[in-house]
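Working notes, beginning with the structure itself.
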There are 2 protein chains.
Amino acid sequence: MASEPKTIGAVERTLAIVQALERLGGAGASEVARELSLSKSTVYTHLNTLHANGYLVKSDGSYSLSCRFLRLGSTVQQSFDLYGRGKPVVDELATETGERTNLVVEEAGRGTCLHAADATGSTDIYMSPGERWPMHATATGKAILAHLPVERVDDIVDEHGLPSLTEHTITTREALDDELETIRQTGVSFDEQEAVEGLRCLSSPVLVDGNPLGSVSVSGPARQFTDSDRERELVDALREAVNVVQLKFVFS
Amino acid sequence: MASEPKTIGAVERTLAIVQALERLGGAGASEVARELSLSKSTVYTHLNTLHANGYLVKSDGSYSLSCRFLRLGSTVQQSFDLYGRGKPVVDELATETGERTNLVVEEAGRGTCLHAADATGSTDIYMSPGERWPMHATATGKAILAHLPVERVDDIVDEHGLPSLTEHTITTREALDDELETIRQTGVSFDEQEAVEGLRCLSSPVLVDGNPLGSVSVSGPARQFTDSDRERELVDALREAVNVVQLKFVFS
DNA sequence: CTCTCCGTTCACCAGGGTCGAAAGAGATAA
DNA sequence: TTATCTCTTTCGACCCTGGTGAACGGAGAG
């Protein structure tokens, strides 16, 4: 904190511009300059650099992120062993249960979506690939936290705190530890509208040699999940799915 | 060509480093420096900048691309109307035919994969999202080219030429034009090992108001496609799939 | 027509990016 | 244990280069 290591201003400007383009879904130099309070010509040079290297596409003087980013993202995704093994299972879990499912890993202390599936195969999903959520407020995050070494949990809580996202979010370390203990015993974690109002989610960690490589989840509108028979069904399906994924690691 | 517009060296260095990390699948500062013939300390500062902004994850002094890229890629993917409408159909086409399927768009004169599906839902795919191929050598590319204005085709051929990828690749403009005319008449394009030895592929363009928004393809080992009954089956399935996608654009 | 806003270009100057050397930090071997 | 190697990380200084504002040409709008 005291003295940040040296960084390159020009690069950070470019990154800010990329993020602005992501947010705006494509824009011209002037618009980005206004958005970021930078000079028009500066932004123009940056856009030009990105474009010349194939990272942007230009149409009618408006720039937007090119599929080069899709390529990079896809490479990152496929670099996870968990993705190759988990994706088919998570897809099938979605069709089997008729609910939305996710494959999540921990990155930099946050739960990051590796893959999302939907019963209809549609792309209208709650959490899309690369999206990040605080771990203490999601079923997927808690499932992973429950099997992480205590020091890691300490670090993560220290870094990100326990911010409240809804009135149901766990906000004290004691309550969190209790919950994690329960999760370790039952093998399943729940998110009772703790991250998003009206969204319920259940999850189970993918454990290989005791390490949580990630977690799988099933989620849907809170009211559809209240039936306890239905819940048992979902938990069973989830448990079996995770079991299948874990077996794929045993038979490397 | 004569005078390239101004670009920013520092940013291009960072982009080169990102590409190196993509290629190497993660590396330390020294390795990247060696790879790119840059000074260790320069690379270190760049890595540090990317890391401080969340674009890299560090483990054991080795840096690799973070899921931030997955997020960006996912955003790009979802920015295509064709993705939202085409993905479920392409997925179903894969399970229906038992073959691998792709959803492709044109970007910067190259065929770019927007989505890839596999009968087994596995991730072992010929062409993965963001991957780019010359248009003249692929069924998907030719399907799009056939419905692009002639000037666009001229531009693309001027820019990229007609490089030979296998001994079956079309390498003359005359042969290409003939092929495109045939495709316009039949509505289906074929790739007879023109891009990859041993790989056969058939494709059909997604036309909305006469514009080729992209194309859908079915592909597999050349020898499995030789049966003409099987081919007719695949062509029918492909045609129907494309038809479904196009209808989704009509009923916006 | 004028006015405005855009993308794009240019030349100047100072801030900053690059580089080499050297200091920590581990690992391995003797 | 010490020596040696390699890697990451730090530091200072030089010179380059990235930022800037003004200006040009064009496209729309009124």
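In the text below, chain A, chain B and the rest are named by the order of the sequence lines, each starting its count at 1. Since this is a predicted model, take the numbers as computed values, not measurements.
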Flag for [Y]-[X]: side-chain donor and acceptor within less than 3.5 Å:
X: A/S74; Y: A/Q77; result: no
X: A/T169; Y: A/E194; result: no
X: B/S41; Y: B/S39; result: yes

Listed pairs, N/O of protein and of nucleotides 5-8 of chain D, under 3.5 Å:
residue, atom, partner, partner atom, Å
D/dC7, OP1, B/R34, NH2, 3.3
D/dT8, OP1, B/A29, N, 3.0
D/dT8, OP2, B/S30, N, 2.8
D/dT8, OP2, B/S30, OG, 2.5
D/dT8, O4, B/K40, NZ, 3.4

Please write out each protein N/O paired with an N/O of nucleotides 11-20 of chain D under 3.5 Å, distance rounded to 0.1 Å.
residue, atom, partner, partner atom, Å
D/dG18, OP1, B/A10, N, 3.4
D/dG18, OP2, B/G9, N, 2.9
D/dG19, OP1, A/R13, NE, 2.5
D/dG19, OP1, A/R13, NH2, 3.3
D/dG19, OP1, A/H46, NE2, 3.2
D/dG19, OP2, A/H46, NE2, 3.1
D/dG19, O6, B/K6, NZ, 3.1
D/dT20, OP2, A/T42, OG1, 2.6

Review point. Taking the side chain from A/S79 and the backbone from A/V76, do they hold a donor-acceptor pair closer than 3.5 Å?
Key: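 Answer holds: yes.
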Which side-chain N or O atoms in residues 49-65 of chain A pair as donor and acceptor under 3.5 Å with protein atoms at least two apart or in another chain?
residue, atom, partner, partner atom, Å
A/T49, OG1, A/T45, O, 2.8
A/T49, OG1, B/I8, N, 2.8

Drop me the distance from [X]'s [atom1] to [Y]'s [atom2], to the nearest 0.5 angstrom.
X: A/Q78; Y: B/S128; atom1: CD; atom2: OG; result: 4.5 Å
X: A/C67; Y: B/L114; atom1: SG; atom2: CG; result: 5.5 Å
X: A/R132; Y: A/M127; atom1: CZ; atom2: CE; result: 10.5 Å

Practice item. Check the distance between C/dT9's P and A/N48's CG and give it to me in whole angstrom. Key: 7 Å
